[in-house]
Q: 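Structure below; questions to follow.
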Amino acid sequence: PQNIPKSLELYRCAADLGNADAMSYIGLLHERGDGGFVKNVGEGRQHMKTAAIMGSVMARHNLACLEASERNFDLAVKHFRLAAEAGLELSVQNLWKFFYRGKVSKEELEEALRLYQEACEEMDSEERKRMSAYHEAIASDDEVLQKIYGSYYAGTINGKGLKMALAIQKDG
């Protein structure tokens with residue numbers, strides 16, 4: 001963002017108004033000590049828990065990552081599974097990794113994959129594309145890509161606009 005203090009203020013306002021994704025983002029900033037926040041894993045965890053309860057699938061995934069980093073694998077699997085069941089592919093990928101490490105049984109993985117597939121089938125293709133763009137934006141360290149994918153997710157550009165913007169970005 002061009003004006004980081006202003007964007008953080010807007011995230012805080014959105015979180016205070018009940019936006020689960022904003023609450024999740026504030027939690028990540030606390031957990032990592034980014035954006036001018038003092039690193040406070042406990043406060044970050046609390047924001048992420050609240051966001052997950054409010055329905056943020058990404059917060060659920062981030063809680064899983066936090067639990068895994070603290071070697072609380074049973075709890076991490078629970079959070080990854082819930083996020084996968086809500087249609088988050090990133091959590092499915094982590095469940096596969098946990099399966100290969102012996103932290104998830106074959107039956108647990110199969111059940112999560114089945115529920116993930118059902119969630120994906122329930123989403124219409126445009127919504128799925130927008131969610132994918134949202135995850136691309138979050139995963140990217142490139143601020144321009146974040147803006148491009150974020151604009152598509154927000155609906156300010158359509159699929160054709162996304163392709164054009166990505167082509168321009170790629171060509172430099």
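Since we're looking at a predicted model, the values are computed, not measured. Basis for what follows: all heavy atoms, side chains included, without hydrogens, waters or symmetry-related copies.
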Q: Can you name the salt bridge (charged side-chain N to carboxylate O under 4.0 Å, His left out) partners of E118, sequence neighbours left out?
A: R114
Q: Given the rule that I, L, V, M, F, W and Y join up when any side-chain heavy atoms are under 4.5 Å apart, are M23 and Y11 in one cluster?
A: no
Q: Could you list the residues that satisfy salt bridge (charged side-chain N to carboxylate O under 4.0 Å, His left out) with R12, not counting sequence neighbours?
A: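 R12: no salt bridge (charged side-chain N to carboxylate O under 4.0 Å, His left out) contacts found.
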Q: In chain order, what residues pass the salt bridge (charged side-chain N to carboxylate O under 4.0 Å, His left out) check against R81, with sequence neighbours excluded?
A: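 With sequence neighbours excluded, R81 shows a salt bridge (charged side-chain N to carboxylate O under 4.0 Å, His left out) to E85, E111, given in chain and number order.
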Q: If you measure from CG on L82 to CG on L63, what distance do you get to the nearest 0.5 Å?
A: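 Nearest 0.5 Å value for the CG-CG distance: 10.5 Å.
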Q: What pair of heavy atoms forms the shortest contact from F73 to A68, and how long is it?
A: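 That would be CE2-O, 3.8 Å.
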Q: For residues 69-79, which residue pairs qualify under salt bridge (Lys or Arg N to Asp or Glu O under 4.0 Å), counting only residues two or more places apart or in two chains?
A: R45-E70
Q: Quick one: list whatever passes salt bridge (charged side-chain N to carboxylate O under 4.0 Å, His left out) with E108, sequence neighbours left out.
A: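 By the salt bridge (charged side-chain N to carboxylate O under 4.0 Å, His left out) rule, E108 matches no residue at all.
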Q: Donor-acceptor pair, distance only, cut-off 3.5 Å: does the side chain of N19 make one with the backbone of A22?
A: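 Present.
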Q: Is E89 close to Y116 at the side-chain level, that is, under 4.5 Å between some pair of heavy atoms?
A: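 In short, these two side chains touch, coming nearer than 4.5 Å.
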Q: Name each donor-acceptor pair under 3.5 Å that joins a side chain in residues 93-104 to protein atoms two or more places apart or in another chain, with its distance.
A:
from	atom 1	to	atom 2	distance (Å)
N94	ND2	L90	O	2.9

Q: Report yes or no: does S24 contribute a side-chain atom to a donor-acceptor pair with the main-chain N or O of A20 at less than 3.5 Å?
A: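 The answer is no, because no donor-acceptor pair under 3.5 Å joins these two groups.
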Q: Is there a side-chain contact between D34 and L28 (heavy atoms, below 4.5 Å)?
A: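 Side chain of D34 against side chain of L28, heavy atoms only: no contact under 4.5 Å found.
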